[in-house]
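Here the structure is laid out as structure tokens; the discussion comes afterwards.
All residue numbers in this chain count up from 1 along the given sequence. Quick caveat, the model's predicted, so the values are computed rather than measured. When a ligand or atom number is given, it counts from 1 through the structure's own listing order.
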Amino acid sequence: MRIDVPQSWELPAGSITPERAYLDRRRFIGLLGLAGAGLLTAAGASVHGALARDEDDAYAGAPGFDLYPAPRNARFAVERPLTNEREAGRYCNFYEFTSSKDVFRFVDDYRPYPFTVEVAGLCDHPQVWDLDALVRQFGVEERVYRHRCVEAWSMVVPWTGFEFRKLIAASAPRSNATHVRLTSLLRPKEMPGQEMMHWYKWPYYEGLRLDEAMNELAFFTTGIYGHPLPKQHGAPWRLVLPWKYGYKGPKAIVKIEFVDKQPRTFWNDLHALEYGFHSNVNPTRPHPRWSQASERVLDTGERISTKLYNGYEAQVAALYPRTDPE
Ligand SMILES: Nc1nc2c(c(=O)[nH]1)N[C@H]1C(S)=C(S)[C@@H](COP(=O)(O)O)O[C@H]1N2
Ligand SMILES: [Mo]
């Protein structure tokens, strides 16, 4: 760990990136062992604004809290610039809270820590894990991934987490397990969207083939931009599958089951024609209501061409030897 940190957070804001400033501020607070971190928030607030003001308090108790920032794995670099953290944090999808993008305004009552996750179904080691213990067992790294929402917006963000396949190996699935089913948190008292939007089939549920879940890109994440996940990004953890549309990666997962057939999924049950099971990013397959040929980049507003498998063809094409069914 570097110890020349106090100087760098004192640099004029324009000379370093906001992410850098944020990490340095966190390291500095950590170094001093400050309980009253609020004394220092003025420095961060100028670059991060309202979202970050009470982050240090909000993240106390997050799984693997002291493991941040995690070392970045350079194998997953993306050629495009990182999306501005504040913009990414103000344009989210998390229907448990609201169907609008300003999820961050609806999360105050949500208490994501402590958190347990049940691994069950066709495996030799079913277990109820404390999420903090799980994260410590597998360790964390940082990866920069592209993210492409089915609504045709995209971003590039640094996630902190561990590979899905580590958890699969620890669970020892049986030979008849072909798929995994994932279930998100049901807590209507803390999640106003679940309370108000009764036409959805809560809790959110998703599924993958087991070989897709075993791919090295499939990443369970507990953090983003070098700190634990803010609530609107899916605290305390969520799945990230960068070659698929964003909705295939559920947030706030409470259950993972090994099953022997293709699981039903939340969006497919609502609109089967619009949201297929595989949902791989594919610029040549339009959504029934819009083209998927291009995407709007969050923050800059730029329009860029969408890539097959969101640019991850080299890693995942072998999973789909025939033309993708959806
Ligand atoms: N539980 C749950 N997970 C979810 C969603 C949701 O509404 N609920 N939205 C999905 C969609 S459509 C996308 S694009 C991503 C958005 O992640 P972000 O808001 O952190 O950018 O989360 C996905 N995971
Ligand atoms: Mo999405």
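Pairs passing the salt bridge (Lys or Arg N to Asp or Glu O under 4.0 Å) check and including a residue from residues 122-134, sequence neighbours excluded, read D124-R174, D132-R136.
Other members of the cluster containing I304 are V297, with ILVMFWY side chains joined at under 4.5 Å, either directly or via other members.
Salt bridge annotation for R75-E216: present, with a cationic side-chain nitrogen under 4.0 angstrom from a carboxylate oxygen. Checked for salt-bridge contact, R187 and E190 meet the test: a charged N lies under 4.0 Å from a carboxylate O.
For ligand 1, the 4.0 Å heavy-atom shell contains residues C92, N93, F94, Y95, E96, H147, C149, W153, M155, S184, Y204, H233, R238, G246, Y247, G249, P250, K251.
For S291, the side-chain contact (heavy atoms from CB on, under 4.5 Å) partners at least two apart in sequence or on another chain are A293.
Ring geometry for W129 versus F138: interplanar angle of 30 to 60°, hence tilted.
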